[in-house]
Number of protein chains: 2
Amino acid sequence: MTVTLADVAARAQVSPATVSRVLNGNYPVAASTRERVLKAVDELDYVLNGPASALAAATSDLVGILVNDIADPFFGIMASAIQAEIGGPGGRAGGERLAVVCNTGGSPERELTYLTLLQRQRAAAVVLTGGAIEDAPHKAAMDAKLRKLADAGTRVVLCGRPPAAETGAIALTFDNRGGGRELTEHLIGLGHRRLGYIAGPLERTTTRHRLEGHRDALAAHGIEEDARWTVHGRYDRRSGYEATLELLRRDPSLTAVVAANDSVALGACAALRDSGLRIPDDVSVAGFDDLPFSIDAVPALTTVRLPLAEAGARAGRIAMGREEAPHGGIASVRGELMVRGSTAGPRD
Amino acid sequence: MTVTLADVAARAQVSPATVSRVLNGNYPVAASTRERVLKAVDELDYVLNGPASALAAATSDLVGILVNDIADPFFGIMASAIQAEIGGPGGRAGGERLAVVCNTGGSPERELTYLTLLQRQRAAAVVLTGGAIEDAPHKAAMDAKLRKLADAGTRVVLCGRPPAAETGAIALTFDNRGGGRELTEHLIGLGHRRLGYIAGPLERTTTRHRLEGHRDALAAHGIEEDARWTVHGRYDRRSGYEATLELLRRDPSLTAVVAANDSVALGACAALRDSGLRIPDDVSVAGFDDLPFSIDAVPALTTVRLPLAEAGARAGRIAMGREEAPHGGIASVRGELMVRGSTAGPRD
DNA sequence: CTCTACATAGAAAGCGCTTGCTGTCACGCT
DNA sequence: AGCGTGACAGCAAGCGCTTTCTATGTAGAG
């Protein structure tokens, strides 16, 4: 049968209480006793029963990380950074924590369900990554859930997601709007006047913010936007490919294409090439995020670098209470424009 | 305070046992009673206490997924597929399970520690992805651990990892050797006779298998390998870049470079370009895995496609007991050679 | 040499849930 | 009418651990 605390206690000739104290190390235990206990633990190959201690202590060492798509490096990088700070094994933090990465697939229901599951596990903290969904009822439900989690003592941190007022959640928000503006301004500065924009899914805050930044830039430079210049799609390569063809169909005179993110931009590049257009000679292309592969595109992608790993690490530390939350519980994280080969002045 | 089962029972005017049974749904409960209970649950906003039920039922709904690097799409894709099958929220499987993605960072200790943590949580299943580490003591420790997990009722599945004999683990192994052989044979078929090989870290089984396949192919065609043609590095772009420069330094007459995986291949491409060499005109390049971005390289990468998502899904189903394990507990998953623009006949 | 104080160790009461076993009805059969 | 039989519902005993409170032994203080 499975070895229990009591077995260890018996073997070490001490009470279960003592064994527990040795294992948790927060109560004075004489060195000799401790040693005896440790020896028994080792000999019996004892492994603590997680659920039992969680129940008794009313705390758990699980930390939830919600991501839209773990197969996407955008989330993978953040998750990795968060997890490193959570201090799974190897982390410097004392107690070993288990990071639970939950893949919502961008679905509102799953987002909520995962939160419930985490609440059920009495998670020590929860980090939500990536943009939120802009649906009033869903947002209300999420906020209520977050509030409840926070009330139950779970630390809630938003990483790359807009603040959720009144929920007690700490927010590290990406300045998508600023990045979008800067990127488009760069293109305008190069002389572009007819810019296509491949946006992400309509209902995501990230999509809206980046698009707003783009439009802000256009407006600031007196460029009137043509409704045909914006196409919505998903945040993936395929979508970028198709959207670009659509854009080209609508207005073949576009001299630049701004994509919702790097994957979309790569798809755009492929579509342009397949259409016989050269980058950046005929059409400039810009992405967003600066994922690792973006520099390997040919030509290398001009994009806005988001400090994914840094933000994730910070979110992780805050979740662990190892770093103070930003003032007001909200911090904006800026992106950095990376100008590379995929953008240049228009031909005409 | 927090709402407990008893509170719900009181409100619904039934015993705690009945509430539990309604919630777990595996015991006959009259429809009217069930309704009353559900109503109370809803009204009180009750959330089951995970640790408590895990303790009482001696089972948990946690499933561990061990990956080397969650930021790497190779693992991200598998993790995503596994998770989808595990049936987190939205999964068709009945009980909702929480996937715990553990990032080992390729470290043996962390691998082991995570396994202990999972054992502590009494995980329902554990899926280990990617190659194993070839260190006898570590392998022994891992096997012992896996054996223990299996004995405790945790289903253990290896996905893309060599079988671990006598541990009771089901293995879905990638045929890295076969893929490596096929890839190099393709190059040889094109006429290449001087092939550089950028291998991964020495201590990984994946590295060895792919390299062995490469050498098998060389041997089969009577090509004597020059020791200078193999360089070891990490499985990342950077490493590929540096290794390629090293390879070029050692033997500038190489006409092809075979990389340990696609990221490395991308780095190799960059290094070649930076060295003024054209791909594939001057040097052919081949990768491995066929990650999504590989097709976007210019020229598109010739590589061996590994059915990551399919294998992950299968592993997930097996872990959930939703699919029968392969005969003998071991199945080999083949890769498929994808010939694209980055390889062509040598110039001379 | 007695008394107080401190450092440890143990006893025992739960933590919130599951489940085997024991009722209790209401039927329908003989 | 009597009773076997299901279909439900409840009782109560834990699951394995943490932690408060209490007991004990020893050392320094008076």
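Within every chain, numbering begins at 1; the chains are lettered A, B, ... in the order of the sequence lines, protein sequences first and strands thereafter.
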What integer distance in Å separates L55(A):CG from dG14(D):P? 17 Å

Suppose we screen for side chain to side chain donor-acceptor pair (under 3.5 Å). Which residues come up paired with D72(A), at least two apart in sequence or across chains? none

Do NZ/NE/NH1/NH2 and the carboxylate oxygens of E43(B) and R11(B) come within less than 4.0 Å? yes

Heavy atoms under 4.0 Å, any strand shown: does V19(B) hit a base, just sugar-phosphate, or nothing? nothing

I want to check one thing: is the phosphate of dG16(C), taken as OP1 and OP2, less than 4.0 Å away from some side-chain N or O of S53(B)? no

Any residue meeting side chain to side chain donor-acceptor pair (under 3.5 Å) with D143(A), in chain and number order, not counting sequence neighbours: K139(A)

Without decimals, in angstroms, what is the distance between L23(B) CG and dT18(C) P? 7 Å

For nucleotides 19-26 of chain D, tabulate all protein N/O to nucleotide N/O atom pairs closer than 3.5 Å, reporting atom names and distance.
{"from": "dT20(D)", "atom 1": "O4", "to": "R21(A)", "atom 2": "NH1", "distance (Å)": "3.1"}

If you look only at distance, which donor and acceptor atoms sit under 3.5 Å apart when one is on a side chain in residues 17-25 of chain B and the other is two or more places apart or in another chain?
{"from": "T18(B)", "atom 1": "OG1", "to": "S15(B)", "atom 2": "OG", "distance (Å)": "3.3"}
{"from": "S20(B)", "atom 1": "OG", "to": "N24(B)", "atom 2": "ND2", "distance (Å)": "3.3"}
{"from": "N24(B)", "atom 1": "ND2", "to": "S20(B)", "atom 2": "O", "distance (Å)": "2.8"}

Enumerate the residues from residues 3-11 of chain B whose closest heavy atom to DNA chain D is under 4.0 Å, giving them by residue number; use none for an empty result. none

Rounded to whole Å, how long is the line connecting atom CD of Q13(A) with atom P of dA9(C)? 14 Å

d(S80(A) OG, I70(B) CD1) to nearest 0.5 Å is 8.0 Å

Would you please confirm or rule out a distance under 4.0 Å between OP1 or OP2 of dA9(C) and any side-chain N or O of T33(A)? yes

From CG of N49(A) across to P of dC15(C) the rounded distance in Å is 18 Å

Just to verify, what does N68(B) make a side chain to side chain donor-acceptor pair (under 3.5 Å) with, not counting sequence neighbours? T104(B)

Interatomic distance, L44(B) CG vs dG16(C) P [rounded to whole Å]: 15 Å

Excluding sequence neighbours, so at least two apart, what forms side chain to side chain contact (heavy atoms under 4.5 Å, CB included) with K148(A)? Q119(A), D45(B)

What residues, two or more places apart in sequence or in another chain, satisfy side chain to side chain donor-acceptor pair (under 3.5 Å) together with E323(A)? R314(A), R317(A)

For Q13(A), check side chain to side chain contact (heavy atoms under 4.5 Å, CB included) against everything at least two apart and list the hits. R36(A)

